Amino acid sequence: MDTSTRCVPKENIMKARKYSRDEYLKKRVQKKLKELKDEIVDEPFLFEGVKKLTQLEQHEFKTKKQIYEISKNMFEEEHDNNNNDYYKVPYGYDDERGLNHEKIFSHGPKFESKDMKHECDEFVFEDQIDFVKAMIMDGENLEQDQTRIQESKSDLEKQLQEDRKTLPIYQYRDALLQAVSDHQVLVIVGETGSGKTTQIPQYLHEAGYTKRGKIGCTQPRRVAAMSVATRVSKELGVKLGHEVGYSIRFEDCTSEKTVLKYMTDGMLLREFLGEPDLASYSVVMIDEAHERTVSTDILFGLVKDIARFRPDLKLLISSATLDAEKFSDFFDSAPIFKIPGRRYPVEIHYTKAPEADYLDAAIVTALQIHATQPPGDGDILVFLTGQEDIETAGEALKHRMRGLGMKIPELIICPIYANLPTELQSKIFEPTPEGARKVVLATNIAETSLTIDGIKYVIDPGFCKMKSYNPRTGMESLLVRPISKASANQRAGRSGRTGPGKCFRLYTAYNYYQDLEDNSVPEIQLTNLANVVLTLMSLGIHDLVNFDFMDPPPSETVIKALEMLYALGALNSDGELTKIGRKMAEFPIDPMLSKMIVASDKYKCSDEIITIAAMLSVGNSIFYRPPKDKLVYADNARKSFHEGNVGDHIALLNIYTSWKDTGFDSEWCYDNYIQFRSMKRARDIRDQLQGLLERVEIQISSNSQDFDAIKKAITSGFFLHSARLYNSGLPSSSLYRTVKHPHTVHIHPTSGLAKEFLPRWVIYNELVLTSKEYMRQVTQVKPEWLNEIAPHYYQLKKV
DNA sequence: GAGCACTGC
């Protein structure tokens with residue numbers, strides 16, 4: 001794979017495809033077809049036409065397939081009311097592309113792997129992708145998997161105990177307990193299915209560690225913490241929330257009795273604030289450490305530190321294979337304990353040559369698999385970068401399946417990405433009907449966050465979207481980038497969960513070994529750290545430069561965060577936390593938002609401000625973006641909350657109060673093109689913030705009519721994000737200049753302020769870089785407020 | 001007139 005071309009932003013590839021080549025091609029083909037139409041007498045106009053066309057246009061167009069598709073579209077438009085059967089591929093149509101099955105079958109295979117050769121012998125597409133089978137990721141302990149049978153309810157507990165003994169980890173029980181007793185820190189390597197998450201805490205409990213304190217086990221995700229705790233409580237035959245419990249944001253399912261506590265990593269981090277030595281714990285297990293979330297990375301440094309003062313505290317770091325040595329090194333050469341996983345073998349296939357258009361290649365590969373493998377065999381999972389890719393691929397697949405007619409089994413297309421409304425997400429979990437096959441088009445969500453049963457084939461184009469953060473400008477953007485080896489292996493492993501699987505990588509073996517990084521860049525190096533720095537500060541860690549990070553974040557990012565906290569008044573000139581800073585640290589949100597809340601006390605509008613803070617911290621998924629034809633309704637709905645050019649912040653407040661007035665109705669959300677899921681989340685966050693107000697002694701006060709007071713409170717948090725209209729003489733100019741680091745930016749078109757009216761001074765929630773540099777969530781302010789609210793910051797600047 | 005991968009507190 002030529003990584004330089006692979007790094008081209010997806011938009012460019014898409015644009016080139018959509019607007020230049022295809023448009024051009026379409027016009028040419030349509031013209032030619034019209035010319036030819038009179039020559040070809042009806043029967044199958046389309047196919048004869050295509051045949052002639054391909055001869056004529058051979059030198060101009062790359063593949064007949066494209067010509068076929070365009071002429072087919074054109075044909076369909078013309079014969080819209082006709083019998084659909086007409087579009088079936090007629091017998092005898094000769095196209096090496098593979099639209100006639102009998103013909104195609106005679107072509108040779110291009111797969112190199114032996115078994116595929118046999119299976120693919122009869123079906124080859126013109127732009128077939130050549131794969132080379134390279135290796136098999138070994139499966140382990142397979143024979144034991146046969147025993148997983150659900151028993152009747154009365155036998156359930158007995159069965160659960162039997163099940164526990166069949167887990168690979170069971171035979172290592174005594175050795176593991178010995179290792180834990182001999183060493184304070186232990187790195188555990190165990191692949192998925194080894195049972196480490198459910199069993200290790202139970203073994204330690206059985207061995208008596210819970211007599212001295214709780215056993216805590218962290219997970220990167222909420223659902224994992226919940227489901228594992230549920231499972232373990234069943235295995236131990238206790239009620240969830242008693243001896244076994246879980247703790248996640250908005251939901252604490254634990255009691256005084258709880259000795260095995262599963263929690264999200266962020267939750268343990270917040271527990272540090274109340275209990276800096278984790279005195280109530282005897283064992284802390286950091287699970288899925290290889291995922292390297294910001295919270296786990298911080299936890300590493302913190303637990304390593306407290307382990308020195310608490311020799312009785314046992315630490316378990318559990319991870320996937322690749323990182324084990326690194327974890328061991330970080331924890332002063334802690335011993336590594338290996339547990340084999342339980343997984344089926346996965347065949348890895350690479351392409352012989354790099355693929356220029358990964359989307360097209362993925363579609364063709366999916367069709368190839370579908371056409372050559374028996375349908376009851378297993379479903380296909382395709383990893384794509386985002387919603388747009390998924391929609392494009394879904395359309396293309398549907399289209400081509402129609403082109404292939406009835407001779408091929410049904411293919412059910414299931415898109416899945418995090419912003420997809422919940423009711424549409426559930427489609428992927430429905431069992432595949434007999435004789436059909438499911439193809440799941442997924443983002444990275446399927447890499448770790450959810451598991452789909454019945455997947456046998458994985459198609460991995462080798463890309464994902466990654467966040468990048470520029471500490472200098474404070475700008476965030478998403479870039480399409482090649483994945484890491486670890487990520488590629490994780491994706492491949494998704495095919496081997498219920499039986500032997502196959503993974504088709506749309507890049508070459510050379511690309512894999514030479515071009516891909518071993519591991520993904522840890523998140524802590526890619527993100528804004530203001531909140532993390534504030535948390536560490538309130539734990540009394542002032543020397544952040546020397547904090548023991550496994551992979552330190554760029555010093556620029558840390559300095560930027562410190563500067564911001566200083567400007568917000570959370571730190572004094574000695575770098576110590578102020579009273580304001582301590583209050584701010586109580587809120588689990590971005591420091592600028594928490595400053596806004598703390599400041600709202602003064603303006604007597606804390607009720608409105610926590611609503612705005614909750615809405616802002618839900619992020620950009622509040623508005624549902626429907627397909628193009630309904631987009632205009634969605635935009636109008638959005639505008640209706642923005643009457644009087646109140647600004648986007650007040651508009652968010654309006655949305656929340658309108659929703660609240662309906663009694664938190666889901667229909668209302670649907671009518672207004674608002675995501676119900678996001679609103680529920682906003683409500684949860686708001687409730688949490690309201691609870692925290694008491695803790696920092698801020699009165700709930702409402703002042704819903706005084707927008708200036710609300711805006712002033714917002715300005716107290718966001719005065720660093722101010723911008724001034726630039727070139728205001730020109731009516732069409734919408735250029736703004738940020739005040740802090742002078743930089744030209746625009747108001748995001750989805751803002752209520754974008755068109756109607758351009759204020760001279762604004763504050764914004766965030767900067768994003770997409771096609772331009774945009775300010776998102778913008779509100780007008782008066783320049784004198786900046787002087788009044790942040791004189792320390794604006795005194796020298798000319799406002 | 002744009003276009004937001006995924007988590008978490």
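We name chains A, B, ... by the order of the sequence lines, and we start the count at 1 in each one. Just so it is clear, the structure is predicted and the values come from calculations on it, not from any experiment.
Nucleotide B/dA5 holds its P atom 9 Å from the CD atom of A/Glu388, rounded to whole Å. The CD1 atom of A/Ile390 sits 12 Å away from the C1' atom of B/dC6 (whole-angstrom rounding). Atom OH of A/Tyr417 and atom C1' of B/dC6 are 15 Å apart (whole Å). Separating the CD atom of A/Glu523 from the P atom of B/dT7 is a distance of 12 Å, rounded to the nearest angstrom. At whole-Å resolution of the value, CZ in A/Arg638 and C1' in B/dA2 are 10 Å apart. Summarising the geometry, the separation between CZ on A/Arg270 and C1' on B/dT7 is reported as 16 Å, rounded to the nearest angstrom. Between the CG atom of A/Leu384 and the C1' atom of B/dA5 there is a distance of 12 Å, rounded to whole Å. The nearest whole Å value for the distance from the CZ atom in A/Arg491 to the P atom in B/dA5 is 14 Å.
For B/dC6, neither phosphate oxygen OP1 nor OP2 lies less than 4.0 angstrom from any side-chain nitrogen or oxygen of A/Ser449. Regarding contacts with the backbone of B/dA2, a side-chain N or O of A/Tyr774 is found under 4.0 angstrom from either OP1 or OP2. OP1 and OP2 of B/dT7 both lie 4.0 Å or more from every side-chain N or O belonging to A/Ser295.
You'll find that the side chain of A/Thr264 is closest to B/dG8, out of B/dC4, B/dG8, B/dT7. The side chain of A/Thr750 approaches B/dA2 more closely than any other nucleotide in the set B/dG8, B/dA2, B/dA5. The listed nucleotides are B/dC4, B/dT7, B/dG8; the one nearest the side chain of A/Arg222 is B/dG8. With B/dA2, B/dC6, B/dC9 as the choices, the nucleotide that has an atom nearest any side-chain atom of A/Asp635 turns out to be B/dA2. Residue A/Asn419 has its side chain nearest to B/dC4 when only B/dA5, B/dC4, B/dG8 are considered. The side chain of A/Lys465 sits closest to B/dA5 out of B/dA5, B/dA2, B/dC9. Among the nucleotides B/dC6, B/dG8, B/dA2, the one closest to any side-chain atom of A/Ser771 is B/dA2. Picking from B/dA2, B/dC9, B/dG8 the nucleotide with the shortest atom distance to the side chain of A/Arg221 gives B/dG8. When distances are taken from the side chain of A/Arg249 to each of B/dC4, B/dC9, B/dC6, the shortest belongs to B/dC9. Taking only side-chain atoms of A/Met267, from C-beta outward, the nucleotide of B/dC9, B/dA5, B/dT7 with the closest atom is B/dC9.
The 5' end of DNA chain B is approached more closely, in terms of each residue's nearest nucleotide, by A/Arg776 than by the other of A/Ile248 and A/Arg776.
With sequence neighbours left out, A/Ala488 forms a side-chain contact (heavy atoms from CB on, under 4.5 Å) with A/Asp460, A/Ile483, A/Arg505, A/Tyr507, A/Tyr512.
A side-chain donor from one of A/Glu275 and A/Ser280 sits under 3.5 Å from a side-chain acceptor of the other. In summary, the side chains of A/Thr744 and A/Arg737 do present a donor paired with an acceptor at a separation below 3.5 Å, with no hydrogens or angles considered. Side-chain polar atoms of A/Ser678 and A/Ser621 form a donor-acceptor pair below 3.5 angstrom.
Here A/Met775 contributes atom CE and A/Asp648 contributes atom CG; the two are 10.0 Å apart, rounded to the nearest 0.5 Å.
Counting non-hydrogen atoms under 4.0 angstrom, A/Thr293 reaches nothing in the nucleic acid. Within the 4.0 angstrom heavy-atom criterion, no nucleotide atom of any strand lies near A/Gln688.
Contacts classified as salt bridge (charged side-chain N to carboxylate O under 4.0 Å, His left out) and involving residues 764-775 of chain A (residues at least two apart or in different chains) are given here: A/Glu766-A/Arg776.
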